[in-house]
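One structure is given below, encoded as structure tokens.
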Amino acid sequence: MGTLKGFPYPPAMVRRRRSRRAPHATISAINPAVSDLPPNVKGMNDILPPEVSKWQFVEEKARSMLESFAYHELRTPILEYTPLFVRSVGEDTEVVEKQMYTFTDRDGQSVSMRPEGTACAVRAYIARSQWTREPVTRWYYLGPMFRHERAQRGRLRQFHQVGAEVFGLAAPSVDAEMIAMLVALLADVGIKSSDLEVAINTLGEPEERASYRESLRGYFSSHLDKLDEGSRQRLQTNPLRILDSKDPDIQALASHAPILLDVLGDASKQHFEAVRSHLSALGVQSVVDTKLVRGLDYYTGTIFEVKAKIGDLGAQNTLGGGGRYDRLVSSLGGPEVPAIGFGLGVERVLLALAEPAEEFEPVLALFIAVLGEKAQAWALPVAHRLRLQGVRTELEHRTASLKSQLKRADALKARLALIVGDNELQSGKLVLRDLATRQQHEVTEAELEGKIRQLVDF
Ligand code: HAM
């Protein structure tokens, strides 16, 4: 068991620096006139109806799939102390180096808006000594992440992930189970597995990677003139990342570089082979991509990415990615617990789904059009009762002509309109109009709910 002392970072890393703290600027001093500002913070969007229905659809499908695989939901704060990400995601990664929203809070401590969820899950895992409660923990989360990237289609500064993490299982069957779950989740949402590419690779153990790093350094150093500025820097900090370059010339160079898989020890190779055979047993087609490295430092062993071959995603076609991080829990002060997880980008999944958002909107079963004060008084409790029975109902509260009320019912795509005026109330015979067929049904108040359920499938 590892020690919790200094978890998740040594005290020196979070020391308060009151003395060096800049005095707080007043809001009025830092805020330019509202009219000078763009309408919203770049790369951070409102999610409005009807789009929000498509979001809810994806979120519900994801929840239901994860619950079937016996995962429990985890909710962690948006803000974490900055060293958590520095120590897990890695100091030399793009995410930590260039993309984090980091600031000093009013206590003089450096905090960051979470750029990803794994580090947060691991912190929570260690903080409550989760391994003492259960040997295997399956957690999932859904929520916003923040990275100051160049905003474009499929790449935002506030984006959302569905993430899953399993702690306590080292077997290759878990790696395959997780990848198969991700593919099944996407299929459930409406993205067929034939429209996906599942790329897998293994990073082996850190010790194995260390000697490979040197041979890679040697290879790229002998082609220094062909490297761009970024790759030259990576040559020093992490040459594996050069393999991940999007530059076609560097990709060509990388295609002749030594391959990590070739130099791994038997245990790593066997684990990887077992993952592949479990995947085929589960019916998941995967391709081995020896250039796949992922952009976060905590990975060991199996890594994977799922790319969409459909939709208008351009370079942002990686819907999700993940891998093993068997050393992270212990490196943050917990015991040695193997772990694996993935993060799925919700915005990218939505872009890959061709159906317009309107198709995901819930059905408005009933619009109650009221004519006159008596009808209005009658309709209020009736609508209330129907709503409490789960009949999605809109009630007109304004005084308007029948024509304009029915126009609004059409605009709201209501399935039925209940037309209530003095005559209907006197006779006790209400008019229920099917707005698609224009067919009218006469009903009493007692028959109303039953008739709605008969006519509308919801
Ligand atoms: P990641 O590859 O950095 O992994 O992110 C996972 C997914 O989040 C990406 O495949 C992408 O769909 C989405 N994503 C990332 N950045 C953006 C962005 N700026 N805009 C829109 N979508 C974005 C992780 O975050 C790891 N925590 C995954 C993991 C969990 N590994 C182990 N456990």
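No hydrogens, no waters, no symmetry mates; every other heavy atom, side chains included, goes into these values. Computed from a predicted model, the values in this text were never measured in an experiment. Just so you know, ligand 1 is whichever comes first in the structure, and atom 1 is the first atom listed for that ligand.
The ring pair (Phe, Tyr, Trp, His ring centres under 6.0 Å) check on Tyr219 picks up His223, with sequence neighbours excluded. With sequence neighbours left out, the ring pair (Phe, Tyr, Trp, His ring centres under 6.0 Å) criterion links Phe342 to no other residue.
Heavy-atom contacts from other residues, nucleotides or ligands closer than 6.0 Å to CG of Asp457 number 12 or fewer.
Contact residues for ligand 1 (protein heavy atom closer than 4.0 angstrom to any ligand atom): Glu116, Thr118, Arg147, Glu149, Gly154, Arg155, Leu156, Phe159, Gln161, Glu165, Arg294, Leu296, Tyr298, Tyr299, Thr318, Leu319, Gly320, Gly321, Gly322, Gly323, Tyr325, Gly341, Phe342, Gly343, Gly345, Arg348.
A donor atom on one side chain and an acceptor atom on the other are not found under 3.5 Å apart for Arg123 and Tyr81.
A side-chain hydrogen bond (donor to acceptor under 3.5 Å, both in side chains) check over residues 170-182, counting only residues at least two apart or in different chains, returns the pairs Arg138-Glu177, Asp175-His271, Asp175-Thr302, Asp175-Arg324.
Aromatic pair His72/Tyr140: ring centres not closer than 6.0 Å.
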